[in-house]
K.L.:
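Quick one: this structure, given as structure tokens, is what I'll be asking you about.
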Amino acid sequence: MRQKAAENRQYLAAKEEADTLEGRENQLEEEIRELKKKHKQELLDALAHRELLQQELEREKNTS
């Protein structure tokens with residue numbers, strides 16, 4: 001009987017640990033998604049800025 005109770009406690013502890021790790025995994029996956037989204041937007045902003053600078057440079061070349 002004691003052995004069964006000990007096994008149940010071990011199982012519950014292992015299950016709790018697995019649930020905690022799964023929750024942390026989900027949290028990290030969400031953080032990764034947010035960082036990818038943020039960095040993608042930063043890249044798009046940088047590309048748009050570069051395009052504007054190139055257009056401005058072309059205008060200056062054409063007016064010289």
Side-chain angles (χ1 to χ4, degrees):
M1 194 72 163
R2 269 192 230 159
Q3 182 179 355
K4 186 71 171 167
E7 288 172 0
N8 282 342
R9 282 193 299 277
Q10 283 181 328
Y11 170 77
L12 291 174
K15 183 171 180 354
E16 183 178 344
E17 177 70 12
D19 289 346
T20 299
L21 292 173
E22 185 179 8
R24 181 69 178 135
E25 177 187 20
N26 291 338
Q27 179 184 6
L28 290 172
E29 286 174 347
E30 180 62 28
E31 288 177 26
I32 289 169
R33 280 191 293 276
E34 288 298 318
L35 286 171
K36 283 182 178 179
K37 182 179 174 183
K38 177 184 174 191
H39 289 142
K40 181 178 181 179
Q41 187 58 51
E42 288 175 356
L43 178 60
L44 291 173
D45 292 346
L47 289 172
H49 183 70
R50 179 177 156 196
E51 180 65 27
L52 290 173
L53 290 174
Q54 286 177 334
Q55 289 173 7
E56 187 176 328
L57 185 60
E58 284 299 316
R59 277 195 299 275
E60 287 181 17
K61 281 183 186 176
N62 291 335
T63 59
S64 298

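Keep in mind that the numbers below use all heavy atoms, side chains included, and drop hydrogens, waters and symmetry copies.
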K.L.:
Tell me every residue that passes side-chain contact (heavy atoms from CB on, under 4.5 Å) with Q10, counting only those two or more places apart in sequence or in another chain.
P.N.:
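Residues passing side-chain contact (heavy atoms from CB on, under 4.5 Å) with Q10: none at all.
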K.L.:
List in chain and number order the residues that pass side chain to side chain donor-acceptor pair (under 3.5 Å) with E34, two or more places apart in sequence or in another chain; answer none if no residue qualifies.
P.N.:
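Partners of E34 under the side chain to side chain donor-acceptor pair (under 3.5 Å) test: none.
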K.L.:
From the options E16, K15, E17, select the one residue that forms a side chain to side chain contact (heavy atoms under 4.5 Å, CB included) with D19.
P.N.:
K15
K.L.:
Going through the checks in order, is the side chain to side chain contact (heavy atoms under 4.5 Å, CB included) test met by R9 and L12?
P.N.:
CA-CA 5 Å; R9 282 193 299 277; L12 291 174; 5.8 Å; no
K.L.:
Would you compute the distance between atom CZ of R24 and atom CG of L21 and round it to the nearest 0.5 angstrom?
P.N.:
10.0 Å
K.L.:
Tell me, do R59 and Q55 make a side-chain contact under 4.5 Å, heavy atoms counted?
P.N.:
yes
K.L.:
Under the criterion side chain to side chain donor-acceptor pair (under 3.5 Å), I'd like the reasoning laid out for E58 against Q54: C-alpha separation, chi angles, the key distance, then a yes or no.
P.N.:
CA-CA 6 Å; E58 284 299 316; Q54 286 177 334; over 6 Å; no
K.L.:
Show me the donor-acceptor pairs, under 3.5 Å and distance only, between side chains in residues 37-50 and residues at least two apart or in other chains.
P.N.:
| unit_1 | atom_1 | unit_2 | atom_2 | d |
| --- | --- | --- | --- | --- |
| H39 | ND1 | L35 | O | 3.2 |
| Q41 | NE2 | D45 | OD1 | 2.9 |

